[in-house]
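Take a look at the structure set out below.
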Number of protein chains: 2
Amino acid sequence: MADKNLTAGLEDYLEAIFIAQEENKTVKGIDVARMLNISRASVSEALSKLVSKELITYESYGTISFTPTGLSEAKKVYNIHNTLKLFFQTVLNISPEEASENACKIEHIISDNILSEIKDFTDYCNNHPEIIDNYRQGKDNERNLSNRKIPRPADSDSKSK
Amino acid sequence: MADKNLTAGLEDYLEAIFIAQEENKTVKGIDVARMLNISRASVSEALSKLVSKELITYESYGTISFTPTGLSEAKKVYNIHNTLKLFFQTVLNISPEEASENACKIEHIISDNILSEIKDFTDYCNNHPEIIDNYRQGKDNERNLSNRKIPRPADSDSKSK
DNA sequence: ACAATTTGTTAGGTATGCCTTACAATCATG
DNA sequence: CATGATTGTAAGGCATACCTAACAAATTGT
């Protein structure tokens, strides 16, 4: 019992339970199944594993609760997710949905060191808005130059294969 | 035959073969096994899959070659890897080894859109070195403030467990 | 309170992707 | 050119993680 090693899948369950707890207060297996869009049977298996690893407590038809270790693991994953999402959204100007989807996958595999650098760099960029502003403006200008309405006179074969 | 859908694992094989080809010229199963540090048996299985997907051509004891589709897929993965690695190294100041390890995992799951933003942003940062210089200098100052050489008088237990 | 609905579990199945062992085919060199 | 080393394959196993179907237990509504 209490094997501790978490696969990406189990981390997703912990994260989902954590988020659901913040919203719902009480979380049951079915909630997790709906959130992660997987079968009740798979959730049942996964919850058994989390119980045997002593990360949650849970009895059939009852409410899921974290053990102290489980809560700390869940928060860890959740924070990583948010760090990545924030970077994608605020530095790279990615939509919240796409930022979240990518964070969900990358959160399980990125190294602590890179994550910490991403966090610091994101903070720095958000404290110096001119960096992102200038970058974004540069991109817009570039886009307008290549998509200009009036074609340049000499560029007669711009449409050829 | 020619199913086209590539798992992360198969992408790794294509990438490894591509890299080995650039170095060795001729690549055989054993080379792939050594590069990826997996058994010859597993490589044998994987190569069969790649052959049935028409991404490589290969006969027992012979040399592995890409089909046009396979080469294009391999290059795609390789380029994604390099884009991520470059970002980690040049923007986040991560060591080449760690940058590469993380790129290897993330390259299979990141969205095209985020990747393209990472590429552009990396280029921008490298064209405006003052951004990274200032950022890094800020980090150094912070570090020196908290790690000052002369301990503050009251901090008598700074070496205790 | 009991029937219908919801929720959970079990059993059995699929797919991926790795492993080891044992054997087969090829290669390389004396 | 034979034999020992290398390389490849086949068979059988393991672990993860999902599924459906069938059934069981709990909950809900009237």
Side-chain angles (χ1 to χ4, degrees), chain A residues 1-17 20-21 23-53 55-65 73 77 101 104-109, chain B residues 1-17 20-21 23-53 55-65 73 77 101 104-109:
Chain A
M1 59 213 92
D3 183 327
K4 180 78 186 328
N5 268 350
L6 285 185
T7 63
L10 292 188
E11 284 184 355
D12 280 334
Y13 286 102
L14 289 182
E15 192 183 11
I17 294 165
Q21 272 194 358
E23 290 169 354
N24 295 8
K25 211 69 181 164
T26 84
V27 186
K28 304 206 290 177
I30 187 72
D31 303 316
V32 178
R34 292 212 184 95
M35 287 182 79
L36 298 179
N37 203 25
I38 58 187
S39 71
R40 299 193 313 274
S42 299
V43 170
S44 181
E45 279 177 44
L47 294 182
S48 302
K49 284 184 196 161
L50 292 175
V51 167
S52 77
K53 284 173 186 290
L55 296 167
I56 61 170
T57 58
Y58 166 65
E59 293 181 352
S60 283
Y61 303 93
T63 298
I64 302 166
S65 307
E73 287 297 318
V77 177
E101 278 166 28
C104 268
K105 295 183 263 173
I106 297 173
E107 67 194 17
H108 308 295
I109 57 184
Chain B
M1 59 215 87
D3 183 328
K4 179 74 194 298
N5 268 351
L6 285 184
T7 62
L10 292 187
E11 284 183 358
D12 281 335
Y13 286 102
L14 289 182
E15 192 182 11
I17 294 164
Q21 271 195 359
E23 290 169 356
N24 296 8
K25 210 73 180 158
T26 86
V27 186
K28 305 206 289 178
I30 187 73
D31 303 315
V32 178
R34 292 213 183 94
M35 287 182 80
L36 298 180
N37 202 25
I38 58 187
S39 71
R40 299 196 312 277
S42 299
V43 171
S44 180
E45 280 175 44
L47 294 182
S48 302
K49 284 183 197 163
L50 291 175
V51 167
S52 76
K53 285 173 186 290
L55 296 166
I56 62 170
T57 58
Y58 166 65
E59 293 180 355
S60 285
Y61 304 92
T63 299
I64 301 167
S65 306
E73 288 296 318
V77 178
E101 279 166 26
C104 268
K105 295 183 262 172
I106 296 173
E107 68 195 16
H108 308 295
I109 58 183

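Convention: sequence-line order gives letters A, B, ...; per-chain numbering from 1.
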Without decimals, in angstroms, what is the distance between [X] [atom1] and [N] [atom2]?
X	N	atom1	atom2	value
A:L47	C:dT7	CG	C1'	12 Å
A:Y13	D:dT16	OH	P	13 Å
B:L50	D:dT9	CG	P	13 Å
A:E59	D:dA25	CD	C1'	14 Å
B:I38	C:dG17	CD1	P	10 Å
B:K53	C:dG17	NZ	C1'	13 Å
B:K49	C:dG17	NZ	C1'	6 Å
B:L6	C:dT16	CG	P	12 Å

Report yes if some heavy atom in the side chain of [X] is under 4.5 Å from a heavy atom in the side chain of [Y]; otherwise report no.
X	Y	value
B:T7	B:E11	no
B:K28	B:I64	no
A:I17	A:D31	no
A:V77	A:L14	no

Can you sort out the partners of B:D12 under side-chain hydrogen bond (donor to acceptor under 3.5 Å, both in side chains), two or more places apart, ordered by chain and number?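 B:D12 satisfies side-chain hydrogen bond (donor to acceptor under 3.5 Å, both in side chains) with B:H108 once adjacent residues are dropped.
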
N/O contacts under 3.5 Å, protein versus nucleotides 20-29 of chain C?
unit_1, atom_1, unit_2, atom_2, d
C:dA25, N3, B:Y61, OH, 3.2

Closest-nucleotide mapping onto DNA chain C: is B:L10 or A:G62 further toward the 5' terminus? I mean the 5' end.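 Counting from the 5' end, the first nearest nucleotide belongs to A:G62.
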
Looking at CG of A:L50 and OH of A:Y13, how far apart are the two atoms once the value is rounded to the nearest 0.5 Å?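 Rounded to the nearest 0.5 Å, the CG-OH separation comes out at 8.5 Å.
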
When you get a sec, tell me which of C:dG8, D:dG8, D:dA17 is the closest nucleotide to the side chain of A:Y58?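 In terms of side-chain proximity for A:Y58, the closest of C:dG8, D:dG8, D:dA17 is C:dG8.
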
